[in-house]
Amino acid sequence: AYTNMPQDLLPAPIECKVQVKASLDSRDYVSVKISNLFRLTKAQLPVFFIFLHYPSETSHEPDSIHLVHLGKNLIAKILKRVRELEIKGKGNKLNKHSLRIKYDDTHLCTPILGETLRNMISSYVSKGMEEYVTWKKDLLKSLGFEEGGGTLTFSTSGTKDEIFENMLDLTLGIRDELSIDHFTAKHTRFGLISEQPLLDSDTGILKILDVKPVCKTSITFIENKLLKQVTFETDFYNSDINSLIPKEYIKFRLVCDYFEFLIQPFKDKLHFTLTLDENKAYPIDDLHDVFWTLDILHSKSNDVSIIIAPDGQPVFSGKMNSGNGPTKDSIIYKTISKAISICHSLEIKTNKIKTSILDIMNMEKRISDLHGILNSDPKQILLEFPFDPDFPIENEVACIMIADLLIGDMRIITFFALTGCPVLKNESTIRLISDIFVKGPIINIHKGTKLSYDKLSSTNQSFQASLNKNYDTLIQLTEINR
């Protein structure tokens, strides 16, 4: 493979440590001192054992050769045995103990030739010396630590309920730290705990620096009477402590962009925290789902079901406790619903509109007013304007209005008219008895986009022209500002 490559660019040749053992008997193993094996596991080079079997003491040639590589399984066996001896207080007497190195037909060198042996050794270092050395270094750092590298024992004060809750909250990432009494930390490898403590103290603070969710899941709220439901994709946090405590203490944590939920499934309890920033813009459809959920969570109705199913298996499914009745969240929900209804009435898609809670509440009155006009019976809308002696009161008129509304990052300008017969209310006021609502042109642009006076004026003139075909008198109730 390297015939055309300059010698200075060739990969490093294979170097290895080899121990040769010869025997006359038919045993399939050789006992080797632990001290010798332990030293070989620390070597960065590949290590091999060659076992030669001779048919008799007078034989000059072996009748079989076996090659055993000091690989992952054998290294694990050696390191685990060293840890066991150390725990028993025999760590300084490794030379007094041995370990059997076994071999079988899978290690057989056949035919018995030097080339066969070389090829077998090369097969274990097929990716080159550099990669092999890196692999062995990484192996020695990780082997035996698959289930952790330490054991911490400690005591903490409080009632049983307090201790369970505090430990769960710490391991679920709900609280940052926990004060503990006497604690001891010891090294652990292969599940074997060292005798000598790494740390030993009478007081301390317990922290878990990076609590991660165990999986993705969803939480679904269902309003059973209306058959409406909303689902939020969440991170699911579970604690190993849940498997060790009575089931009534079990707790789960779910976190999404808008909520944090704490679930105690065997107490039928759900605690929630709204994590929205009222100044941050969110998709308006998402906000609608969020505040619909808040509305039913606060509702006194108990006809609401909740389903949580990580990995498709429900961990909580049932009715929620009753809320405390309407709150400010109900007002926000209704205002967002009206804003979405306005968009639907004007055939404006909402999937690209973002708004903040603060923006919505600042526009609450204007949103409610326009929603009322768009969704009311025209005959229920009271419209009055100053009396003008020249006004032809006998004619059916069209009163033109322009609504300029900000819904988040969307500016919506809609032209509409109420038509009907005017009547004189008193000497200074005319009242329109309206009967028809006429939708006019709609302009929807991004909040930061400039809109010229000429554009507004020409749109208004076009709307007037369309109304002139059916109505003799037009009244412009909303002026266009420059």
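Keep in mind that this is a model prediction, so the values were computed, not measured.
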> Passes side chain to side chain donor-acceptor pair (under 3.5 Å), Glu396 versus Asn470? Steps please.
Replying inline: CA-CA 9 Å; Glu396 189 173 16; Asn470 299 305; over 6 Å; no

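- Pairing each heavy atom of Phe391 with each of Pro422, the nearest pair is CE2-CG, 3.7 Å.
- In this structure, the side chains of Tyr237 and Val255 come closer than 4.5 Å at one or more pairs of heavy atoms.
- Listed here is the closest heavy atom pair of Phe272 and Leu294: CE1-CD2, 3.5 Å.
- Side-chain contact check for Leu270 versus Ile219: some heavy-atom pair is nearer than 4.5 Å.
- Looking only at side-chain heavy atoms (C-beta outward), Ile400 and Leu477 stay at 4.5 Å or farther from each other.
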>> Let's go through Thr188 and Thr151 carefully: what are the C-alpha distance in whole Å and the side-chain angles of both, what is the deciding distance for side chain to side chain donor-acceptor pair (under 3.5 Å) to 0.1 Å, and is it a yes or a no?
In response: CA-CA 6 Å; Thr188 303; Thr151 299; 2.6 Å; yes

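- Of the N and O atoms on the side chains of Thr159 and Asp161, not one donor lies less than 3.5 Å from an acceptor on the other residue.
- Side-chain N or O atoms of Thr234 include none that pairs as donor or acceptor with a backbone N or O of Phe236 at under 3.5 Å.
- Residues Glu260 and Leu254 have side chains not in contact (no heavy-atom distance under 4.5 Å, counting atoms from C-beta outward).
- A donor-acceptor contact shorter than 3.5 Å links the side chain of Asn362 to the backbone of Leu358.
- With Arg431 contributing its side chain and Lys425 its backbone, the two residues share no donor-acceptor pair below 3.5 Å.
- Under the 6.0 Å cut-off for aromatic ring centres, Phe221 and Phe261 qualify, their centroids lying closer than that.
- In this structure a side-chain-to-backbone donor-acceptor pair under 3.5 Å is present from Glu146 to Gly144.
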>> Assess the residue pair Cys343 and Ile412 against the criterion (side-chain contact (heavy atoms from CB on, under 4.5 Å)); give the C-alpha distance rounded to whole Å, side-chain angles, the decisive distance to 0.1 Å, and a yes or no.
In response: CA-CA 9 Å; Cys343 292; Ile412 301 171; 4.0 Å; yes

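- Between the side chains of Asn242 and Ser239, no donor-acceptor pair of N or O atoms lies under 3.5 Å.
- Ring pair Phe416/Phe437: centre-to-centre distance below 6.0 Å.
- At distances below 3.5 Å, not a single donor-acceptor pair connects side-chain atoms of Lys42 with backbone N or O atoms of Leu140.
- The side-chain heavy atoms of Phe387 and Thr429, taken from C-beta on, include no pair separated by under 4.5 Å.
- Within a 6.0 Å sphere centred on CG of Asp240, heavy atoms belonging to other residues, nucleotides or ligands number 12 at most.
- Atom CD of Glu394 sits in a crowded spot, with more than 12 heavy atoms from other residues, nucleotides or ligands closer than 6.0 Å.
- Atom NE2 of His288 has more than 12 heavy atoms from other residues, nucleotides or ligands within 6.0 Å.
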>> Would Leu276 and Phe291 count as a side-chain contact (heavy atoms from CB on, under 4.5 Å) here? Give the steps.
In response: CA-CA 11 Å; Leu276 284 176; Phe291 282 92; 3.8 Å; yes

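- A heavy-atom distance below 4.5 Å is not found between the side chains of Phe164 and Ile241.
- Counting heavy atoms of neighbouring residues, nucleotides and ligands inside a 6.0 Å radius, atom CG of Asp435 exceeds 12 of them.
- Salt-bridge annotation for Arg411 and Asp404: present, with a side-chain N of the basic residue lying under 4.0 Å from a carboxylate O of the acidic one.
- The minimum heavy-atom distance linking Ile250 with Ile245 is given by the pair N-CD1, 4.1 Å.
- With rounding to the nearest 0.5 angstrom, the CD atom of Glu162 is 8.5 Å from the CD atom of Glu165.
- With hydrogens and angles disregarded, no donor-acceptor distance shorter than 3.5 Å links the side chain of Asp377 to the backbone of Gln380.
- Distance check, rounded to the nearest 0.5 Å: CG of Asn426 to CD of Glu384 gives 8.0 Å.
- Note on Lys212 versus Asp210: salt bridge recorded, some NZ/NE/NH1/NH2 to OD/OE distance being below 4.0 Å.
- Taking the side chain as every heavy atom from C-beta outward, Ile75 and Leu70 approach each other to under 4.5 Å.
- A cation-pi contact links Lys267 to Tyr249, judged by a cut-off of 6.0 Å to the six-membered ring centre and 45° from its axis.
- The existence of a salt bridge linking Lys216 and Glu233 is excluded, since no basic side-chain nitrogen approaches an acidic carboxylate oxygen closer than 4.0 Å.
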> Is there a ring-ring contact (aromatic ring centres under 6.0 Å, His included) between Tyr282 and Tyr258 once you walk through the steps?
Replying inline: CA-CA 10 Å; Tyr282 300 93; Tyr258 310 109; 5.5 Å; yes

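- Between the side chain of Asp359 and the backbone N or O of Thr355, no donor-acceptor pair lies under 3.5 Å.
- Under the 3.5 Å distance criterion, the side-chain polar atoms of Ser341 are left unmatched by any main-chain donor or acceptor of Ser337.
- Contact between Leu143 and Arg189 at its shortest, heavy atoms only, is O-NE, 2.7 Å.
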> Does the pair Gln264 and Glu248 meet the rule for a side chain to side chain donor-acceptor pair (under 3.5 Å), with working shown?
Replying inline: CA-CA 8 Å; Gln264 291 178 278; Glu248 61 266 24; over 6 Å; no

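- The shortest heavy-atom contact between Ser345 and Asn375 is OG-OD1, 4.3 Å.
- Taking the side chain as every heavy atom from C-beta outward, Leu432 and Val423 never approach each other to under 4.5 Å.
- Shown here is Glu147, whose CD atom has no more than 12 heavy atoms of other residues, nucleotides or ligands within 6.0 Å.
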>> For Leu192 and Glu86: C-alpha separation, side-chain torsions, deciding distance, then whether side-chain contact (heavy atoms from CB on, under 4.5 Å) applies.
In response: CA-CA 10 Å; Leu192 301 170; Glu86 188 174 17; over 6 Å; no

> Passes side-chain contact (heavy atoms from CB on, under 4.5 Å), Val397 versus Thr419? Steps please.
Replying inline: CA-CA 6 Å; Val397 302; Thr419 69; over 6 Å; no

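- Among Thr203, Thr153, Asp200, Thr156, the one residue that satisfies the side-chain hydrogen bond (donor to acceptor under 3.5 Å, both in side chains) test with His182 is Asp200.
- The pair Asp169-Lys251 meets the salt-bridge criterion, with a side-chain N (NZ, NE, NH1 or NH2) lying under 4.0 Å from an Asp/Glu carboxylate O.
- Taking CD1 of Ile353 as the reference point, atom CG of Asp285 lies at 8.0 Å (rounded to 0.5 Å).
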> Would Asp454 and Ser457 count as a side chain to side chain donor-acceptor pair (under 3.5 Å) if you check the C-alpha gap in whole Å, the side-chain angles of each, and the deciding distance to 0.1 Å?
Replying inline: CA-CA 5 Å; Asp454 291 341; Ser457 180; over 6 Å; no

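- No salt bridge links Lys228 with Glu223; every basic N to acidic carboxylate O contact stays at or beyond 4.0 Å.
- Here the side chain of Asn460 pairs no donor or acceptor atom with the backbone of Leu456 at under 3.5 angstrom.
- The two atoms that bring His69 and Tyr124 nearest to each other are ND1-CD2, 3.5 Å, heavy atoms only.
- Listed for the Ser356 side chain is no donor-acceptor partner under 3.5 Å among the backbone atoms of Ala281.
- Applying the side chain to side chain contact (heavy atoms under 4.5 Å, CB included) test between Gln44 and each of Met129, Lys137, Lys136 identifies Lys137 as the sole match.
- Atom NZ of Lys354 has 12 or fewer neighbouring heavy atoms from other residues, nucleotides or ligands inside a 6.0 Å radius.
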